[in-house]
Amino acid sequence: MAVAGELTVPRGQISSKIPTFNSKSQIFGVPMISCSRGRKKSSISTGVRAVLQVGVEAAESVSKVGGALGFDVVAEEELREKGFLGMRKTKLVCTIGPACSSLEDLERLALGGMNVVRLNMCHNSREWHWDVIRKIKKLNEEKGFCVSVMIDTEGSQIHVVDHGAPSSVKVEEGSIWLFTTKKFEGSRPFTVQANHSGFSEGIKVGDELVIDGGMASFEVIEKIGNDLKCKCTDSGLFLPCAKFSFWRDGKLVERNYKLPTLSRKDWADIDFGIAEGVDLIAMSFVNDADAVRNLKDYISTKSSKSIRVLAKIESLESLQKLGEIVEASDGIMIARGDLGVEIPLEQIPAVQEEITYVCRQMNKPVIVASQLLESMVEFPTPTRAEVADVSEAVRQYADALMLSGESAIGTHGQKALSVLRMASSRMETWSRQENQQSILRHRKLGASLPDRIAEQICDCAAEMANNLGVDAIFVYTKHGHMASLLSRNRPCSPIFAFTNDKSTRMALNLQWGVIPLFVDLTDDMEANIAKSVDLMKVKGLAREKDAVLVVSDITPTAAPSTSVAFQSIQVKTIS
């Protein structure tokens, strides 16, 4: 029979009542645990008494456990090379465009650390997106990658129709351009189409037209019916489907087009994404929580697969309703480019930090996007200010960083991804070594007793992992909830999430510090732990005396639905 003990953990003051791990009908005392933290090894005295299940694991023969360890090949190589604490925790998202859509380019991005592919439905044909999705699935299946697919809806906003060029067009100062609602095929010199017939309503001669939050600027010099003739006042780049805004006397000209959050095209794109089995849908220009809830309800009626919905924060209205939007969504994307059009530029850093904090409080992953390495669209080396910007997002513990034009249309996408990877890894190391781990006063999320217990277990487990200096955290989870709760605490140790649900694995690919692994799980938790540890040992990924903290929310199918007995913590040394 399992026996409960009591543990007093130094510095953490954590206590719990959980049965002691029993192997071969014996109850083990607490051994000396050799574990790494930062730059040195630490030991835990045998004088510490345990509240948690603590034991020494003897490996069984792999031939007896069977199965396979669904490990992403890039994460596996990183673990071999750098060890547990050297693994990168900030996830990387790459927008796919003409510059990187070949199978070879996609494979190079995956090898470079890309965790999520973003397909911007503003650009390219549906057939083009279908081809990219097929290539990603092929790489995952045949090459052992774990890259999730996210589609990003266009949204009902005013923007420029593709101007005929596959990438950016240089806009020279003093050049005269016509912005028109007239439809035409291909491209015309110095002419672009607006996607909404009323785009010029209320606009006056002398107003300023700003492209993509400042990529280029124009002065309205003449109104011709619904069209505008404009003179370029600030030269720059004109991207396909560029969004534009109008300013008057230094203030944004507020427009109320009464457009729905999702257009008819968006719904068709969403149906396409559901049919192709995408993992994530990013919803553009979300202004209230109802729009998010309506989309999630729609997806649940159309797909048996769990597709996560991310809300993009890119307007003043979305900021004013931030709490309810975060609560309704499965994650957030901070679209700083469009957001920077609607609020003063100097407010962007503070707003980014506030959104990141709110998302972490509410246990929702957050992506920092737009213009992270904008100069690398054209140049092979980023500015030092851009690297500092990337590092600041990592310091704020954002879950993910996203490349947009840098990878989609730039000629240096591979280098841009490498910069993100190196800068994020370095900042993570510095934060750990300099003990900059922020202490978060968690908002309590659980309503039911099992949910509150799971939340408390994960909070305590993350603190224990830091205090004990364990090498890794193993979590066995069906839907990923406890893995995300562990991630919210931003522990020093990497979080290996073992799941038998493919949708969960792909969704966890966006969570900070989580390495999702697809494995066969049974009702026997000890067998699950033994199998995963043995497979990691055989691959040379785990070594003797490595210490792992084990968390589980797997409940046997025969157990009552109200059972919480299997939400547990163990600390194990590998032998």
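- Note on Glu141 versus Lys137: no salt bridge recorded, every NZ/NE/NH1/NH2 to OD/OE distance being 4.0 Å or above.
- For residues 259-272, the set of pairs meeting the salt bridge (charged side-chain N to carboxylate O under 4.0 Å, His left out) definition, not counting sequence neighbours, comprises Arg126-Asp269, Glu154-Lys265, Lys265-Asp269.
- For residues 404-413, no residue pair satisfies the salt bridge (charged side-chain N to carboxylate O under 4.0 Å, His left out) rule, not counting sequence neighbours.
- With hydrogens and angles ignored, the 3.5 Å screen pairs a side-chain donor or acceptor of Thr191 with a backbone N or O of Pro189.
- By the neighbour-count criterion of 12 heavy atoms within 6.0 Å, atom NZ of Lys305 is densely surrounded, having more than that number from other residues, nucleotides or ligands.
- Asp131 contributes no side-chain N or O that, together with a main-chain N or O of Glu127, makes up a donor-acceptor pair within less than 3.5 Å.
- Salt bridge annotation for Lys135-Glu104: absent, with no cationic side-chain nitrogen under 4.0 angstrom from a carboxylate oxygen.
- A donor-acceptor pair under 3.5 Å links the side-chain atoms of Ser329 to the main chain of Ile325, judged by distance alone.
- A donor and an acceptor atom, one from each side chain of Asn287 and Ser318, are nowhere located under 3.5 Å apart.
- With sequence neighbours excluded, no residue satisfies ring pair (Phe, Tyr, Trp, His ring centres under 6.0 Å) with Trp128.
- Under the rule for a side-chain hydrogen bond (donor to acceptor under 3.5 Å, both in side chains), the partners of Asp501 that lie at least two apart in sequence or sit in another chain are Thr504.
- Atom-to-atom distance recorded for Leu237:CG and Met215:CE is 4.5 Å, nearest 0.5 angstrom.
- Within the 3.5 Å criterion, the main-chain N or O of Ala454 finds no donor-acceptor partner in the side chain of His481.
- Under the rule for a side chain to side chain contact (heavy atoms under 4.5 Å, CB included), the partners of Arg543 that lie at least two apart in sequence or sit in another chain are Asp546.
- Leu420 is listed as a side-chain neighbour of Leu403, based on a closest heavy-atom distance under 4.5 Å.
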If you apply the rule side-chain contact (heavy atoms from CB on, under 4.5 Å), what do you find for Arg421 with Glu78, and how did you get there? CA-CA 12 Å; Arg421 186 174 183 176; Glu78 189 174 48; 4.0 Å; yes
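- Using a distance-only test at 3.5 Å, with no hydrogens or angles considered, no donor-acceptor pair links the side chain of Thr153 to the main chain of Met283.
- Between Leu85 and Asp471, every side-chain heavy-atom pair lies at or beyond the 4.5 Å cut-off.
- Side-chain contact check for Leu541 versus Arg80: some heavy-atom pair is nearer than 4.5 Å.
- A pairwise comparison of heavy atoms in Pro382 and Leu373 identifies CB-CD2, 3.9 Å as the closest pair.
- Between the side chains of Glu353 and Tyr357, no donor N or O sits under 3.5 Å from an acceptor N or O.
- Nearest heavy-atom pair, Val132 versus Ser101, reported as atom, atom and distance to 0.1 Å: CG2-CB, 4.3 Å.
- Val351 places none of its side-chain heavy atoms less than 4.5 Å from the side chain of Glu354.
- The stretch residues 367-389 participates, sequence neighbours left out, in these salt bridge (charged side-chain N to carboxylate O under 4.0 Å, His left out) pairs: Arg336-Asp389.
- Here the side chains of Leu280 and Val149 are not in contact, with every heavy-atom distance at 4.5 Å or above.
- Looking at Ser532, its side chain does come within 3.5 Å of a backbone N or O of Asn528 through a donor-acceptor pair.
- For Asn500 (side chain) and Val519 (main-chain N/O), no donor-acceptor pair under 3.5 Å exists by modelled atom type.
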side-chain contact (heavy atoms from CB on, under 4.5 Å) evaluation trace for Leu486 with Ile473: CA-CA 9 Å; Leu486 286 164; Ile473 300 172; 3.9 Å; yes
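- Counting only residues at least two apart or in different chains, salt bridge (charged side-chain N to carboxylate O under 4.0 Å, His left out) contacts with residues 114-125 comprise Arg118-Asp152.
- Side-chain contact of Arg308 with Ser306: a donor-acceptor pair under 3.5 Å is present, judged by distance alone.
- Taking the charged nitrogens against the carboxylate oxygens, Glu324 and Lys321 have no contact shorter than 4.0 Å, which rules out a salt bridge.
- Using a 4.0 Å cut-off between charged nitrogen and carboxylate oxygen, Lys312 and Asp338 do not count as a salt-bridge pair.
- Residues passing the ring pair (Phe, Tyr, Trp, His ring centres under 6.0 Å) test with Phe272: none are found, sequence neighbours excluded.
- Side-chain contact between Val192 and Thr180: absent, with no pair of heavy atoms (C-beta onward) separated by less than 4.5 Å.
- Salt-bridge check for Arg88 with Glu428: failed, with every basic side-chain N at 4.0 Å or more from each acidic carboxylate O.
- Remark: Ser148 pairs with Asn509 by the side-chain hydrogen bond (donor to acceptor under 3.5 Å, both in side chains) rule, at least two apart or across chains.
- When ring centroids are compared, Phe179 and Phe199 stay outside the 6.0 Å threshold.
- Legend: residues meeting ring pair (Phe, Tyr, Trp, His ring centres under 6.0 Å) with Tyr298, ordered by chain and number and at least two apart, are Trp267.
- A salt bridge is defined here as a Lys NZ or Arg NE, NH1 or NH2 lying under 4.0 Å from an Asp or Glu carboxylate O, and Asp105 with Arg108 meets this definition.
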Taking it one step at a time, do Val117 and Met114 satisfy side-chain contact (heavy atoms from CB on, under 4.5 Å)? CA-CA 7 Å; Val117 153; Met114 174 178 67; 3.6 Å; yes
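- Without hydrogens or angle criteria, Lys364 side chain to Val358 main chain gives no donor-acceptor distance under 3.5 Å.
- When the side-chain hydrogen bond (donor to acceptor under 3.5 Å, both in side chains) test is applied to Lys82, no partner is found at least two apart in sequence or on another chain.
- The existence of a salt bridge linking Lys531 and Asp534 is excluded, since no basic side-chain nitrogen approaches an acidic carboxylate oxygen closer than 4.0 Å.
- Aromatic pair Phe496/Phe84: ring centres closer than 6.0 Å.
- For the pair Phe498 and Ser552, the minimum side-chain heavy-atom distance is 4.5 Å or more.
- No option in Asp399, Val366, Leu322 other than Val366 meets the side chain to side chain contact (heavy atoms under 4.5 Å, CB included) test with Cys359.
- In this structure, the side chain of Gln193 does not engage the main chain of Thr181 through any donor-acceptor pair within 3.5 Å.
- By the side-chain hydrogen bond (donor to acceptor under 3.5 Å, both in side chains) test, Lys478 is found to be paired with no residue, residues two or more places apart in sequence or in another chain being considered.
- A donor-acceptor pair is defined here as one N or O able to donate and one able to accept, closer than 3.5 Å; no such pair exists between the side chain of Asn115 and the backbone of Lys91.
- Counting heavy atoms from C-beta on, the side chains of Thr356 and Tyr397 never come closer than 4.5 Å.
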Take Leu109 and Ile96, measure what side-chain contact (heavy atoms from CB on, under 4.5 Å) needs, and give me the verdict at the end. CA-CA 10 Å; Leu109 288 173; Ile96 305 305; 3.9 Å; yes
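- The cationic group of Lys539 does not satisfy the cation-pi geometry with Phe71, failing either the under 6.0 Å distance to the six-membered ring centre or the 45° limit from the ring axis.
- Residue-environment remark: NZ (Lys502) stays at or below the threshold of 12 foreign heavy atoms within 6.0 Å.
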